[in-house]
Amino acid sequence: MRFSKLLIPTVKEVPSDAQLPSHIYLLRGGFIQNAGGSGLYNFLPLGKRVLDKVRRVVKEELDRVGCQEVSLAFVTPASLWQESGRYEKYGKELLRFKDRKENEFVLGPTHEEMMVNLVRQSVKSYKQLPQHLYQINWKFRDEVRPRYGLMRGREFLMQDGYSFHVDETDMKREFALMEETYKRIFRRLGLDFRVVEADSGAIGGSGSKEFMVLAESGEDTLVVCKSCDYGANIEAAKRAAPAYTPKPLSQEGKVATPGTTSIEAVARFFDVDATQTLKIVAKEAHFEGGKSEIVLFALRGDDALQEVKACNAVGADDLSDASEAQLEALGLPAGYLGPVGLSDEVKICFDEALRGATAMVCGANEAGYHIAGYAVPEDITFVDIAEVREGDRCVHCGAELTHTKGIEVGHIFQLGTRYSEPLKCEFLDENGKAKPMVMGTYGIGVSRLLAAIIEQHHDDKGCIWTKESAPFTLEIILGDAKNERAKEVAESLYEVIGDRIEVLYDDRAKERFGAKMKDFELMGIPFALIVGKGVNDGKVELVERANGERHYLEIGDDLAETAEALLATIADLQSKRG
RNA sequence: CGGGGUGUAGCGCAGUUUGGUAGCGCGCAUCGUUCGGGACGAUGAGGUCGCAGGUUCGAAUCCUGUCACCCCGACCA
């Protein structure tokens, strides 16, 4: 395509509110444009091309393993969401509205309900299973805080797939297949990523895995093992039981400890390590239906509460800090909370790390007092609610765990019958017995991938698109439009290879060489062919965007031959770089 | 929702303290000179100063309200 005919509004300056390289370069390179509202973007011709490239990779890999593309209604009747119980639960992110007849609708943020509805109407027999249907469509989530351009928009392109099975075993087979398929997709896009264990969140279900593109700017914290391939979102990370070696206490029983309301102060007072203390984190847990209660979480003194884990442990939707007044109402003195002498009304959860701990120091539930020599009871239930720290040990191999940042670009879930049961999505088995289908669900943030690719592939000059994501493979740069010979060569080469590979021909007469090079670097097209001064010596120059390397090609008498040599060189370099 | 910040030309900003003709850079248009790393000169187009109300002879500037956007914390592809 000719640059002179395309709308590619590259700019030197960007709004100062753009922070991340991906946001800055997507705006500057003329890929996207803010649509006038927070988290809403228009895709300009160049951005749309990249989006389509990425989308195609996703579609090809899914189709290859037998998934079927469909397109569901974007506007979803609220009644479906009421049936699944998510209408109440999903909260304000769900955009709700009414039509002219006062019927209620939602703008689909995800489509479990709609897809289940589709399948329950048309699939009745085990003979029709399994089925895997997906779509690549725009989603709207009224995010609390959209940010970072395409990274977290309110409107975003998502691939969402749903599989339906006769039993758990078959669903798990599909789950494993999708894990492999997603890996292929992200590999093809040239991403450095990690598959990690994850929390299932609002979607529900049991096992889930996230695909994380490793990047400093990532919004998620990952726990990864330095030795084996274990990785998990910090919200779901496990660790081996930390070592516990208490030292003898100089005092036992109830001890007056005025002014020691922090773990640090308590440890100093008793001259023990923080590991030998027990701390209580008090939270107000909010449950479905608006109920809430105060819950105490008992952790080892050196650990921190992981709120997502804690939520799951008590089955709450959300946790907030408990106020001192709320604690007092239950007779609990802030700063001296402990696991002893609690009334039956107060719920308490013990973290795994406390299992078998003895000779601990904990609050006495009396202001100004601690208990020394507390032994954690053995007949209680322990739950995993502590945040895994760097330096903790891997549950699989015992090696050291470390933290890293990641961008979530994919998430796969083993749903089970979370939706098929309430929505009565059933089939008849061999015995004519009705059973709920067992489901899996799989999602990729397609528009977010553009941002993730740039986060991993850019330099101080602009984008560096990977082979399969690039809007064009080659840009032909006509150095000086007044140079007749150069123009002739550029035009001819463009004509010859224009339908063999994707070429952007920068034929602009009003821009000079420097500006064209800057635009090339900003747009991040993998190769540029400079047709300029060199033609006088019978040469053109092929530049690689990623490393700046230049390769000189002779212009033969037959430009068709030159074109072939050019294509061969590009193919060669592409295979060399992977 | 809590805390912080910003709204002035398509983009980036100054002007607001101390009320008095709305400015600069980029970009855009025309002409000329340039032409291998974001050229130069000349001329020109483009703004109800986020919105509403108030104070005043007079408001971008002061007051009140309101909206939007951005950044830091609780959610998600």
Side-chain angles (χ1 to χ4, degrees), chain A residues 9-20 23 27-28 30 33-34 36-40 58 90-94 109-111 136-161 182 198-203 208 210-213 219-220 233 235 283 286 307-308 311 317-321 407-413 441-452 461-462 477-483 486 508-522 528 530-536 541 543 548 550:
Chain A
T10 60
V11 285
K12 278 194 264 191
E13 292 169 311
V14 272
S16 52
D17 49 35
Q19 313 270 317
L20 295 190
H23 192 188
L27 285 168
R28 283 194 49 204
Q33 176 191 60
N34 185 270
S38 181
L40 303 175
V58 173
Y90 212 86
K92 287 188 177 167
E93 275 181 33
L94 184 63
T110 165
H111 286 197
I136 301 176
N137 267 349
W138 294 97
K139 300 284 181 289
F140 186 88
R141 291 184 189 175
D142 201 358
E143 288 276 347
V144 194
R145 197 149 102 72
R147 60 181 135 178
Y148 304 143
L150 295 186
M151 195 73 88
R152 179 188 295 281
R154 284 193 292 177
E155 200 177 87
F156 58 98
L157 190 65
M158 178 182 176
Q159 180 275 136
D160 49 324
Y182 274 24
D199 176 64
S200 294
I203 305 287
S208 90
E210 288 171 330
F211 296 76
M212 293 287 188
V213 169
E219 295 186 85
D220 288 276
N233 191 308
E235 297 171 349
K283 292 281 177 184
H286 303 270
E307 291 208 10
V308 173
C311 256
D317 282 353
D318 192 22
L319 294 179
S320 60
D321 289 340
I407 301 165
E408 183 186 355
V409 292
H411 200 159
I412 58 178
F413 301 82
T441 178
Y442 321 91
I444 291 177
V446 178
S447 48
R448 176 181 282 181
L449 274 171
L450 306 208
K461 294 171 180 162
I477 295 176
L478 175 57
D480 174 8
K482 297 239 168 56
N483 181 333
R508 291 175 297 174
K510 62 170 186 171
E511 295 298 345
R512 299 161 33 128
F513 179 73
K516 291 184 179 183
M517 284 303 287
K518 293 287 185 200
D519 275 346
F520 158 68
E521 284 156 350
L522 181 57
I530 301 172
V531 183
K533 268 188 175 167
V535 295
N536 301 332
E541 230 171 299
V543 184
R550 296 183 177 224

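Just so we're clear, the structure is a prediction, and the values are computed from it rather than from any experiment. Quick note on labels: first sequence line is chain A, next is B, and so on, each numbered from 1.
Contact between the side-chain N/O atoms of A:Tyr148 and the OP1/OP2 oxygens of B:rC72 is found at a separation under 4.0 Å. Distances shorter than 4.0 Å separate none of the side-chain N or O atoms of A:Arg154 from OP1 or OP2 on B:rC76. Taking 4.0 angstrom as the limit, A:Lys510 places a side-chain polar atom (N or O) nearer than this to OP1 or OP2 of B:rC28. Contact annotation: A:Lys12 side-chain N/O to B:rC26 OP1/OP2 distance is not under 4.0 Å. Side-chain nitrogen and oxygen atoms of A:Thr110 include none within less than 4.0 Å of the OP1 or OP2 phosphate oxygen of B:rA77.
Distance from the side chain of A:His411 is smallest to B:rA77 among B:rG36, B:rA77, B:rC35. Comparing atom distances between the A:Arg550 side chain and each of B:rA77, B:rC72, B:rG36 picks out B:rG36 as nearest. Of the candidates B:rC35, B:rG73, B:rC76, B:rC35 carries the atom nearest the A:Asp480 side chain, counting heavy atoms from C-beta on.
Base orientation of B:rU17: anti, since the glycosidic angle falls outside 90° of 0.
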Query - Chi angles and distances behind the side-chain contact (heavy atoms from CB on, under 4.5 Å) call for A:Ile136, A:Val58 - result: CA-CA 9 Å; A:Ile136 301 176; A:Val58 173; 4.2 Å; yes

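Nucleotide B:rC24 is matched to B:rG12 when pairs are restricted to Watson-Crick or G-U wobble geometry with both distances under 3.5 angstrom. Pairing partner, B:rU17: none, since no Watson-Crick or wobble contact has both distances short of 3.5 Å. In a base pair of the Watson-Crick type (N1 to N3 plus N6-O4 or O6-N4) or a G-U wobble (N1-O2 and O6-N3), with each distance short of 3.5 Å, B:rU43 is matched with B:rA29. The partner of B:rU66 is B:rG50, by the rule that a Watson-Crick or G-U pair needs both atom distances under 3.5 Å. Across all strands shown, B:rG36 forms no Watson-Crick or G-U wobble pair with both key distances under 3.5 Å. Base pairing of B:rC1: its partner is B:rG73, meeting the Watson-Crick or G-U wobble criterion (both donor-acceptor distances under 3.5 Å).
Using a 4.0 Å cut-off between charged nitrogen and carboxylate oxygen, A:Arg154 and A:Glu143 do not count as a salt-bridge pair. One finds a salt bridge joining A:Lys139 and A:Asp160 here, because a Lys/Arg side-chain nitrogen approaches an Asp/Glu carboxylate oxygen to under 4.0 Å. Looking at A:Arg508 and A:Asp519, a side-chain N of the basic residue comes within less than 4.0 Å of a carboxylate O on the acidic one, giving a salt bridge. Ion pair A:Arg141/A:Glu155 not flagged as a salt bridge, since none of the NZ, NE, NH1 or NH2 atoms sits closer than 4.0 Å to an Asp/Glu carboxylate oxygen.
When the P atom is compared between B:rA52 and B:rA60, the two are found 13 Å apart, to the nearest whole Å. Separating the C1' atom of B:rG15 from that of B:rA22 is a span of 8 Å, rounded to the nearest Å. The same atom, P, is picked in B:rC63 and in B:rG7; the two are 15 Å apart, to the nearest Å. A gap of 13 Å separates the P atoms of B:rU6 and B:rG50, to the nearest Å. The same atom, P, is picked in B:rG53 and in B:rU61; the two are 14 Å apart, to the nearest Å.
Atom CD in A:Glu93 sits roughly 10 Å away from atom P in B:rC75 (whole-Å rounding). Atom CG of A:Leu478 is separated from atom C1' of B:rG37 by 15 Å (rounded to the nearest Å).
Judged by atom type and distance alone, A:Arg28 reaches the base of B:rG38 through a side-chain donor-acceptor pair under 3.5 Å. Residue-to-nucleotide contacts include a donor-acceptor pair under 3.5 Å from the side chain of A:Glu541 to the base of B:rG36. Between the side chain of A:Glu13 and the base of B:rG25, a donor-acceptor pair under 3.5 Å is found.
Using a 5.5 Å limit on the distance between ring centres and a 30° limit on the angle between planes, the aromatic ring of A:Phe156 counts as stacked on the six-membered base ring of B:rA77.
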